[in-house]
Structure formats: structure tokens, C-alpha cells
Amino acid sequence: MRARHAVRVRRSRDGRHSLRKRLTLVNVVLMTIGVIAATAISLMGMRHYLLSAIDAELDSSRRSLGQAGITMEQVEALGAWALFRDKLAPQHSEQSLPDSGTVFVALRGGEPLSIAGYEPTERQRLLDRAVADPGSLARAAEPVDITIDGEPHRATATRLGDGTVVVMAASAEAVHGALKSALKLDLAVGTVLVALLGVLTMMEVRRRMRPLEDMVETASAIADGDLTRRVPPSCHSMLEVEQLRTALNTMLHQVESAYTTRERSAEQLRRFVADASHELRTPLAAIRGYLQLHERGMLRAEEERARAQERMNAETERMGHLVDELLTLARLDQGPELRFRQVDLSCLVRDAADDLRVQQPDRPVEVSAEGTLLVRADEPGLRQVVGNLLGNVRAHTPVDAAVRISLCRGDGTVTLRVADEGPGLCEADAARVFDRFFRASPGGAGGPGGPGGTGSGLGMAIVQGVVEAHGGGVSVETAPGKGLAVTVRLPAG
């Protein structure tokens, strides 16, 4: 929770907005634009439909007067007046509006005319003033918008037989009132929809963005040192988010593995340096001690000087052997370029077994490596592997303990097995048998460098390094009192 709070604090200080707010804002803006566009289109359609009904009334009256061909003199006659009233009467249709408020005025020379003794009314005079050019209006194909005393109208005109212009106008106030009511309703409904969309979007985005927040919390926890944290799965996550979670967990696993490997390598390096320092300090201390005795003249007898010389030579040889093994391990760690060629592993095994028989004639040695078995490998490296394995047997098992060496091929691998009948190792020592400078505990006799042995504890580490450099593997089978069996598997040549 502290990490999550810290992330929010940093975000607010930077003046940045969360992705959740941005997505909500974008949805609300798009919805608002959609509502406005839909409202505008619907009002335009509604206006066009209602005005079409009014225009149909005016066009019908205009055509009736134009087709009748009457004059103002005829209009003056009573019969003509009745006909005139009939022609001007609204012809209701399915598209006509009730009580459209139609007004007309007859004009000649730009002045309103009286009809049958009736003077033009105030409304008719307002209509005359609202129309700037009655002649142009009579020639127009469609009615036009005018305003009479602040009220919107649709107007058209026609010419009688004697040239008199009759201007007709129908009120559009009902249309504008209907449009205003529809606009208010659309705005109210649109506002509710936009608000509802904003709330639902915020809730849904919060739910969908929860996996990303888990990733932020996991990253913050890992930054604080908890490398075991992973992004938990979510039943509501989208495909892309789930793919990101899987990729992130894979990356975190690799980061944890790399960090663990680095820590283990650093710990091994520290232990390696400490053990190497300890191993080199012992022979150096012995050589220094004998040199100090010689300098002080305390080795007077020839026998004492010879023994001191012999001991210094032994310690020097031991130190040189240790340095050679350390150099070998250092080269293996650097990934050396091995010189691969066809090597007869059977010949190497038989040579090493013959050397062991010469060094310990009383030890029973059984070799199962008949014929020629070729592998593609580095010959010096394989000789060192076989030599170290038999060297461990020679140094850490009784001289009468039997050893069996077998070599076979199968499933694309070549298997070398060296088994002795020595005291074996306990489970704890067997788990560390490949560690550098490892020596078995006093209760686990028989291990590399075990009690009474002269090894440095690097032999099995070198075996493992060389075998892995060849792309193979090595394992041990042991138990207290049941001997030690080392199995080496190499790719077949």
C-alpha cells in the first residue's frame, strides 16, 4: 500500500492525469459530440418536415390563384370576391398544420390595395413592409422566411391577370415552438446519458485497469527488494492486458533468476577467494617457517636440513598443484575455446585404469570399456576428468576397496561410470560434492579431500566444469557405507 501511495503522490506532483481519467474524459467528450450531432440532425429534419407542410399550403394557394387568371376588377365584384375567398381558403392535407395563421395582401405599385371596400389591416401592412421586393418573391420557386411583428412566417407571392401581386404568408411560430421544446428534451436526455456514461465508464475502466495497477504495485514491491512478487491473474482482464501480465511475470522470473544467480556467484566468489587464501596460506606458512629456522641457524644437522628441504619442496609442489587447479577453474568459468576432435574414450579409460593399478597394485580394478568408443571432445579435458575421478578413488578410499569403471553408448550420449566400494558420503556432503574447496565432514568419510586425504577439494568442481563445457552432465550416487558412484554423460560424437 505504501508503494501504491507513493506512485500516486509522484503522479500528482508531476501534474499528470491517470489513464482512467483520460479514458473517461475521452468517452464523455465523444458522447457529448454524438449527442450534439444527433440533436442537430434531428432538429434539422424536424424543421424541414414542418416547414414543408406550411410551404405545401402556400404553394397550393399560389397555384390556385395563378391558374384562375382573375383580375382585381373581378375581385371587386361580389361573385369574384367569393371566388377569391375560396381560392385563398387553406386546402388542408395530411401535411397541413391546423390554424397556420395565413395572412395575404394585394399590392399594386408597391402599395396595399383595398378589396371590396375593405382597407388593408395593420397585419397586412406589416406583411407589406416585411417583403422588400414582391416581384422577386412572385418569381421565386419556393417560399422564403420573413418576420412579421417579431413572429416568423413563410411567405410567397403570385401575380393576378392584371399584374396585381398578391403576397401570402403563413405563421411558423408553432414550428419554432416545437423545435425549442424538442431541443430542451434532447438536451435533458443527452445530459443524463452523458453523465450516466461518465459514471459507467469510470467504473468499468477502474475494473479493467486493476491489472495494470497490480503491475505497478508488483513493480514497486520488487523495487523495494521483494523479488518473489508476481502480477496476480484477473478474471476481468482483456487479452492484451493478460499478454502483458504473462510477459511481465516471465521477465520478473528471469530477473529473479539472474539476481539469484548473481548473488550465488558473488557468494561463491567470496567463498572461493577465502578458501583459496586459506589453502595457499598453509603451504606458505610452512615454507616461511622452515626458511626462518634455516636463517637463524637452528637446522644444524644435515638430516634436519634435508628434511626441511623435503618439506618445503612438498609444500611448493602442493601449492603449485593448487594454483594449476585454480587456473583451470578460472579458464572454465570464462568459457574456454575447446579443441574438439575425435577421441577414443575407451583408450583414455583403460590408460587411467592401468595407472591406478601401477600406483595401487592391491586395489581390485574392473574395466568395462571394450572396443573403440569415439566422442568429439577436447582430449586434455577428458583425460583430466578421468584422472580426477580415479584420483579421488585413490586418495579417499581404502587401498583394498574395489573400483568398477564402465563405458557405454545409448540415446545419443556416452556414459562413463566410476563406482567404488569405499565408505561413501552422507546426504548433506553429497549435495555439496561439486562445491569448490569442499571437504567431507569427519563423519562423511570418503568424499573428495576427506579426512586423511591430500586433495584440495577442487577435483570434482573441475570434473563438473569440464563436462558442462562439453555440453554434458555429471551426477553422483552415494550413501554412508555403500561407496560413491560418479556418472558422466557426454554427447555422442
Around Glu427, counting heavy atoms of other residues, nucleotides and ligands shown, do more than 12 lie under 6.0 Å from its CD? no
Leu196 CG to Thr191 OG1 distance, which is reported to the nearest 0.5 Å: 12.5 Å
Between Arg62 and Arg139, which heavy-atom pair has the shortest distance, and what is it? NH2-C, 4.2 Å
Dump the intermediate steps for side chain to side chain contact (heavy atoms under 4.5 Å, CB included) on Val28 and Thr32, then the final yes or no. CA-CA 6 Å; Val28 169; Thr32 302; 4.1 Å; yes
Are the charged groups of Glu122 and Arg129 less than 4.0 angstrom apart, N to O? yes
Under the side chain to side chain contact (heavy atoms under 4.5 Å, CB included) criterion, do Leu345 and Leu348 qualify, and how do the steps go? CA-CA 5 Å; Leu345 188 55; Leu348 296 184; 4.3 Å; yes
Taking the side chain from Ser60 and the backbone from Ala56, do they hold a donor-acceptor pair closer than 3.5 Å? no
Are the side chains of Thr478 and Val433 in contact, using a 4.5 Å heavy-atom criterion? no
Between Leu43 and Ala182, the two heavy atoms sitting closest are CD2-CB, 3.7 Å
Any donor-acceptor N/O pair, Arg154 side chain to Pro143 backbone, under 3.5 Å: yes
Side chains of Thr158 and Thr156: does their closest heavy-atom pair fall under 4.5 Å? no
Can you list everything that forms a side chain to side chain donor-acceptor pair (under 3.5 Å) with Asp59? Sequence neighbours excluded, please. none
Value rounded to 0.5 Å, distance of CD in Gln254 from OG1 in Thr261: 11.5 Å
Within this structure, what is the CG-CE distance for the pair Asp186 and Met46, rounded to the nearest 0.5 Å? 9.0 Å
Could you give the distance from NE2 (His176) to CG (Leu50), rounded to the nearest 0.5 Å? 10.0 Å
Not counting sequence neighbours, which residues clear side chain to side chain contact (heavy atoms under 4.5 Å, CB included) with Val199? List them please. Met203
About how many Å separate OG1 of Thr39 and CG of Leu185, when rounded to the nearest 0.5 Å? 9.5 Å
Residue pair Thr201 / Met31, side-chain heavy-atom distance below 4.5 Å: no
Look at atom CD of Glu142 and say whether more than 12 heavy atoms of other residues, nucleotides or ligands are closer to it than 6.0 Å. no
Is there side-chain contact between Arg22 and Leu25, with at least one heavy-atom pair below 4.5 Å? no
Greater than 12 external heavy atoms within 6.0 Å of Tyr259's OH: no
Between His470 and Asp378 (side chain of the first, backbone of the second, donor and acceptor by atom type, cut-off under 3.5 Å), is there such a pair? yes
To the nearest 0.5 Å, what is the distance between OG on Ser406 and CG on Leu416? 7.0 Å
Is Val29 close to Ile33 at the side-chain level, that is, under 4.5 Å between some pair of heavy atoms? yes
Strictly by modelled atom types, are Thr487 and Glu477 linked by a side-chain donor-acceptor pair under 3.5 Å? no
At their closest point, which heavy atom of Phe340 faces which heavy atom of Arg376, and how far apart are they? CD2-O, 3.6 Å
List the steps and the verdict of side chain to side chain contact (heavy atoms under 4.5 Å, CB included) for Leu389 and Val488. CA-CA 10 Å; Leu389 293 178; Val488 175; 4.1 Å; yes
Ala169 and Ile146: which non-hydrogen atoms are nearest, and at how many Å? CB-CD1, 4.2 Å
Provide the closest heavy-atom pair for Leu373 versus Leu407 in the form atom of the first, atom of the second, distance. CD2-CG, 3.4 Å
Determine whether a donor-acceptor pair (N or O, by modelled atom type, separation under 3.5 Å) exists between the side chain of Thr413 and the backbone of Arg489. no
Specify the closest pair of heavy atoms between Val343 and Ala377, including all atoms of both residues, with the distance to one decimal. CG2-O, 3.5 Å
How about His253: does its NE2 atom have over 12 heavy atoms from other parts shown lying under 6.0 Å from it? no
Chi angles and distances behind the side chain to side chain contact (heavy atoms under 4.5 Å, CB included) call for Asn388, Val466: CA-CA 11 Å; Asn388 283 3; Val466 173; over 6 Å; no
Any side-chain heavy atom of Val474 sitting closer than 4.5 Å to one from Val385? no
